[in-house]
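First comes the structure, then the notes that go with it.
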Amino acid sequence: METLHLRLLIQLAKLDGNIDDAEVNLIMSIGKSNGLSEEEINQLFKLPTKAVDASMLSDAQKFDYIYSMVQLMKVDGEMHNNELRFCSEMAVKLGYREGVLFELVTNIVIDENMKTDRKALRKRVKPYLLASA
């Protein structure tokens, strides 16, 4: 797994000045599920974030990025304006129209059962993805 995805999540987690345990756990879970060790993930917390080059990402990767950013934003039960702004800016950089964020925030359910149907949600937000992205 290329680490830019996790680095973006870490940047988002740091925006409110407090990285919550739930945020760390989600980042760790995503990293480990993609083959990274806990040590490698911890090292990512120390690195600056790179700019996103959306032209290098598939549509599926773009969705995964924005989906996990919204998950992270919601996981601590608080959504801060700076987190919303960051996610909105990242959605645009990934090639989505701004309305995608509202769609995702209102449809991603954060709980231990992961009730969100990712496949259905991906289809639902596909019209927000710009063809030129």
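These numbers come from the heavy atoms of this one structure, side chains and all, not from hydrogens, waters or symmetry mates.
Thr3 places no side-chain N or O within donor-acceptor distance of the main-chain N or O of Leu6, the cut-off being under 3.5 Å. Side-chain N or O atoms of Glu89 include none that pairs as donor or acceptor with a backbone N or O of Phe86 at under 3.5 Å. In this structure, Lys74 contributes its side chain and Val105 its backbone to a donor-acceptor pair below 3.5 Å. In this structure, the side chain of Asp76 engages the main chain of Glu78 through a donor-acceptor pair within 3.5 Å.
With a 4.5 Å cut-off on side-chain heavy atoms, Leu12 and Met90 do not count as touching. Side-chain contact check for Val70 versus Tyr65: every heavy-atom pair is 4.5 Å or farther apart. For the pair Ile66/Tyr96, a side-chain contact is recorded, criterion being any heavy-atom separation below 4.5 Å from C-beta on. The shortest distance between side-chain heavy atoms of Leu104 and Leu121 falls below 4.5 Å. Contact of the Tyr67 side chain with the Val125 side chain is not registered, since no non-hydrogen atoms from C-beta on lie closer than 4.5 Å. At a threshold of 4.5 Å between non-hydrogen side-chain atoms, the residues Phe63 and Leu94 do not count as touching.
Shown here for Glu23 and Asn18, the closest heavy-atom pair between the two residues is OE1-O, 3.5 Å. Pairing each heavy atom of Gly95 with each of Leu129, the nearest pair is O-CD1, 3.5 Å. In terms of heavy atoms, Val100 sits closest to Tyr128 at N-CD2, 3.4 Å. Listed here is the closest heavy atom pair of Ile19 and Ala13: CG1-O, 3.8 Å.
Not counting sequence neighbours, Ser29 has no partner by the side-chain contact (heavy atoms from CB on, under 4.5 Å) test.
There is a path of hydrophobic side-chain contacts, each under 4.5 Å, that joins Phe45 to Leu9. Residues Leu8 and Val92 fall into different hydrophobic clusters, defined by Ile, Leu, Val, Met, Phe, Trp and Tyr side chains chained together at heavy-atom separations under 4.5 Å. Tracing side-chain contacts under 4.5 Å through hydrophobic residues (I, L, V, M, F, W, Y), one reaches Met28 starting from Leu26; they form part of the same cluster.
Note that CG of Asn81 and OG of Ser88 are 11.5 Å apart. Values are rounded to the nearest 0.5 Å. Here the CE-CG distance, from Met73 to Asn82, works out to 10.5 Å after rounding to the nearest 0.5 Å. Summarising the geometry, atom CG belonging to Leu84 is positioned 6.0 Å from atom CG belonging to Leu101; distances are rounded to the nearest 0.5 Å. The CG atom of Asn25 sits 11.0 Å away from the CD1 atom of Ile30 when rounded to the nearest 0.5 Å. Once rounded to the nearest 0.5 Å, the distance linking NE2 of His5 with CD1 of Ile10 reads 10.5 Å. Atom CD of Gln11 is separated from atom CG of Leu47 by 12.0 Å, given to the nearest 0.5 angstrom.
Around NZ of Lys14, the count of heavy atoms belonging to other residues, nucleotides or ligands within 6.0 Å exceeds 12. When the shell of 6.0 Å around CD of Glu40 is examined, it contains more than 12 heavy atoms from other residues, nucleotides or ligands. Within a 6.0 Å sphere centred on CZ of Phe102, other residues, nucleotides and ligands contribute 12 heavy atoms or fewer.
Electrostatic pairing of Asp59 and Arg122 does not count as a salt bridge here, judged by no charged N lying under 4.0 Å from a carboxylate O.
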